[in-house]
Every structure is written in structure tokens, then in C-alpha cells.
Amino acid sequence: MGIFSFTQSIAMDLGTANTIILCDDKIVVDEPSVVALDRRTEKMIAVGERAKLMYEKENPNIRTVRPLRDGVIADFNACEQMMRGLIKKVGKGRRLFTPSLRMVIGVPSGSTEVELRAVRDSAEHAGGRDVYLIFEPMAAAIGIGLDVEAPEGNMVVDIGGGSTEIAVISLGGIVCNNSIRVAGDDLTADIQEYMSRQHNVKISERMAERIKIHVGAALTDLGDEAPEDYIVHGPNRITALPMEVPVCYQEIAHCMEKSIAKIEMAILSALENTPPELYADIVNNGIYLAGGGALLRGLDKRLTDKINIPFHIAEDPLLSVAKGTGIALKNVDHFTFLMR
């Protein structure tokens with residue numbers, strides 16, 4: 001990237017929890033999708049990791065926002081500012097002027113025309129000249145290393161922060177898909193609600209997220225892989241006195257049961273609509289899990305036992321969609337499934 005480069009190509013996985021940007025095949029930004037704004041002027045104070053540190057700790061003059069909810073833009077202004085702020089972190093080189101951007105962005109496969117338009121508009125306002133959109137399960141499949149243009153069926157389940165995307169892919173297109181708004185954020189909310197109801201302790205969204213990472217599980221029996229109990233600190237809901245509660249993975253698996261069951265049902269529903277020939281391919285190849293939700297302990301085993309088809313966790317589930325958008329960026333003219 002020299003001083004006189006006129007265009008810059010970037011691939012973006014605009015996620016509910018994290019936003020990842022690739023440039024020249026390298027991950028240059030991997031930060032939480034959070035932005036902190038000044039309440040009076042609506043100017044951006046911080047973005048990404050710095051804004052996440054302010055989240056749920058702000059004073060009345062600061063508003064920290066997660067602009068995406070359920071995989072969709074919920075706050076236009078905040079999303080635009082967040083995209084600008086994160087894109088600025090890419091172009092730190094010495095340049096005489098701002099180059100125009102060519103962007104490929106991953107979007108949920110269940111997005112309506114209005115939601116797609118919202119992403120495109122935000123990208124254009126943030127400096128994008130050529131904006132291409134790619135459905136997240138398609139990007140995840142490319143990132144996992146599947147041949148999406150082959151005449152064979154592959155199924156990808158991408159469990160993100162705001163939505164779970166399930167798609168059967170063949171010949172460079174999505175044959176049938178199911179997108180549900182049950183994902184990582186719902187599991188976090190389940191933990192918050194459970195701690196409040198069962199242990200009478202009030203916890204923040206960030207603490208619930210930490211519990212999910214340390215002792216989150218989809219099975220109540222993990223055998224040798226069982227994590228140690230996690231100590232939760234927080235105020236008592238009634239007396240406001242400090243409490244210390246040890247939480248084990250069985251409790252968390254139990255409290256997340258309903259949300260995981262919804263994901264199971266969505267996978268079964270997508271399989272129900274799959275043509276028989278492609279179904280046979282899926283049984284042979286197995287189903288691929290991507291996204292942060294794929295890291296939930298025991299999830300692949302639980303789904304394999306329930307559905308009788310082997311489930312494989314992608315090599316780097318958090319980065320699958322980002323890697324796929326990066327490959328799509330290099331092959332913009334070749335991939336016909338990119339939406340412009």
C-alpha cells in the first residue's frame with residue numbers, strides 16, 4: 001500500500017459481538033462491535049476494545065452502544081461511526097489522501113431487503129465505493145475450505161452472537177437456509193436470568209459472558225473435559241450485600257437447555273427441506289459448525305447424538321466467516337453469488 005494507492009480492498013465480518021476486518025489477506029482488526037458516543041454531541045469517543053471496557057460502566061454523558069442486535073443494524077448512526085472508527089484502524093499507513101474502499105461484507109442469510117440495504121448504506125457512508133455483500137454461511141463454508149461451487153451438498157451451521165445461520169450449499173448457491181435469532185446473546189441472557197432466579201445474585205451482561213466462556217457447556221456430563229467451577233461475585237438482589245457464588249458447568253448446561261434445543265430444531269427443520277440427493281451428501285460429509293457458539297463445550301457431541309450425522313467444528317470457528325469474506329474479496333469477479 002503506497003502513498004499513491006487510489007483504492008483499498010477490505011473484507012469485513014460485521015458481527016453482533018465482534019467485527020473482524022481483513023486487508024491483504026491479513027486480519028488487521030478484530031475488536032468487539034461496541035462504540036462509545038458523547039450523549040450531547042453524538043461524537044465518537046472510543047470504538048472496539050476501548051469502548052468495550054466502558055460498556056456497562058459509563059457515566060450519564062457517555063453512551064456505549066452495541067449497534068447490531070440479532071445480526072441486524074439496530075442503531076444506524078452508531079453503526080456508521082463504529083465502521084468508520086474500525087476502518088480508520090486499517091489505514092494507518094502514510095497516505096496523501098483517503099483511498100476509496102472496495103468492501104465485501106458478511107450478512108445474515110435471513111436478512112430482508114431492508115436489512116441488506118441498511119448494511120450497504122452504512123458501508124457507503126463509512127467510505128465504501130464498491131460494496132459487495134455475501135451471506136455469512138456461504139462465507140463460513142469458503143473459510144472452512146469447502147468447495148462451494150462443486151455439485152455436492154455441504155451444510156454449515158454458523159452460531160454467532162445475534163443469529164444462528166443454517167444453510168445447505170451446492171453449486172455456488174444456498175439451496176435451503178434457516179436463520180433464527182437465537183444465538184450467543186440469548187445464551188448470555190439465559191445465564192443472567194438463571195443467576196438472578198436461582199442464586200439471587202445480580203450480574204451484568206459482561207459477567208454472564210465470562211461465565212459462558214469459563215463454564216459454558218451443552219452437555220451435563222463432559223467426563224474428563226469438565227471445566228473447574230467458576231466463582232461469581234455480585235450483589236444480592238434483595239439485600240444488596242456482596243455475594244460469592246461458585247457455578248458449575250452442569251448448572252449452566254441446564255439453564256441454556258431451551259435455547260440450545262431451539263438451535264437443534266432449526267437444524268432439523270433445514271434438513272427436512274433438503275433435497276434427498278443433497279441430504280445423502282450431507283450424511284457422508286457431516287455438518288460443519290462455525291462461529292463463536294461452536295466453541296461451547298460438548299455442542300458437537302450433543303448434536304451428533306441427537307441428529308445422527310457427524311458434526312465437525314471448524315478449525316478456527318471465530319474466524320471462519322472473516323476468512324471466507326477475505327477469499328471472496330480476492331475473487332470478486334469470479335464468485336457470482338456476491339451481491340452488489
Measure across [X] and [Y] and return the closest heavy-atom pair with its distance rounded to 0.1 Å.
X      : Y      : result
Glu264 : Arg302 : OE2-NE, 2.6 Å
Ser33  : Gly15  : OG-O, 2.7 Å
Lys323 : Asp316 : NZ-CB, 3.7 Å
Pro235 : Ala240 : CB-O, 4.2 Å
Met256 : Ala217 : CE-O, 3.4 Å
Pro227 : Val215 : CG-CA, 4.1 Å

Should [X] and [Y] count as an ion pair when the cut-off is N to O under 4.0 Å?
X      : Y      : value
Arg206 : Glu56  : no
Arg66  : Glu205 : yes
Glu31  : Lys52  : no
Arg117 : Glu113 : no

Indicate yes or no for a side-chain donor-acceptor contact from [X] to the backbone of [Y] under 3.5 Å, with no hydrogens or angles considered.
X      : Y      : value
Arg297 : Leu219 : no
Lys212 : Gly184 : yes
Thr304 : Phe311 : yes
Arg102 : Tyr132 : no
Ser122 : Ala118 : yes
Thr325 : Val321 : yes
Asp24  : Lys26  : no
Asn178 : Ala266 : yes
Asp300 : Ala294 : no
Arg181 : Thr164 : no

How about [X] and [Y]: do any of their side-chain heavy atoms sit closer than 4.5 Å?
X      : Y      : answer
Pro317 : Leu295 : yes
Ile203 : Ile211 : yes
Val232 : Met207 : yes
Ile191 : Thr188 : no
Ile144 : Asn154 : no
Glu277 : Pro275 : no
Val29  : Val90  : yes
Thr19  : Met83  : no

Is it true that, when you exclude Glu42 itself, more than 12 heavy atoms of the residues, nucleotides or ligands shown sit nearer than 6.0 Å to its CD? yes
Might you confirm whether atom CG of Asp221 has over 12 heavy atoms from other residues, nucleotides or ligands at distances under 6.0 Å? no
Return yes if a side-chain donor-acceptor contact under 3.5 Å exists between [X] and [Y], otherwise no.
X      : Y      : value
Glu149 : His334 : yes
Asp186 : Ser259 : no
Glu165 : Ser179 : yes

Hey, what do you get for [atom1] ([X]) to [atom2] ([Y]), rounding to the nearest 0.5 Å?
X      : Y      : atom1 : atom2 : value
Glu209 : Asp185 : CD    : CG    : 7.5 Å
Glu152 : Ile169 : CD    : CD1   : 11.5 Å
Lys301 : Glu225 : NZ    : CD    : 10.0 Å
Met44  : Asn77  : CE    : CG    : 11.0 Å
Leu299 : Leu289 : CG    : CG    : 5.5 Å
Ile105 : Glu136 : CD1   : CD    : 11.0 Å

Check against side chain to side chain contact (heavy atoms under 4.5 Å, CB included), Ile309 and Leu271: CA-CA 11 Å; Ile309 297 175; Leu271 283 167; 4.1 Å; yes
Going only through I, L, V, M, F, W and Y residues with side-chain contacts under 4.5 Å, is there a path from Ile252 to Met243? yes
Only one of Val107, Val72, Ile73, Asp70 clears side chain to side chain contact (heavy atoms under 4.5 Å, CB included) with Glu115; which? Val72
Between His312 and Tyr288, what is the ring plane arrangement, given parallel below 30°, perpendicular above 60°, and tilted in between? tilted
Test log, rule side chain to side chain contact (heavy atoms under 4.5 Å, CB included), inputs Ile142 and Phe335: CA-CA 11 Å; Ile142 298 169; Phe335 285 158; 4.0 Å; yes
For the pair Ile260 and Leu296, evaluate side chain to side chain contact (heavy atoms under 4.5 Å, CB included) and give the outcome as yes or no after the intermediate values. CA-CA 10 Å; Ile260 294 170; Leu296 201 60; 3.8 Å; yes
Using the side chain to side chain donor-acceptor pair (under 3.5 Å) rule, take Glu251 and His199 through it: C-alpha gap first, then chi angles, then the decisive distance, then the call. CA-CA 11 Å; Glu251 285 184 82; His199 294 290; 2.7 Å; yes
List the steps and the verdict of side chain to side chain contact (heavy atoms under 4.5 Å, CB included) for Met82 and Leu14. CA-CA 10 Å; Met82 180 186 83; Leu14 188 62; 3.9 Å; yes
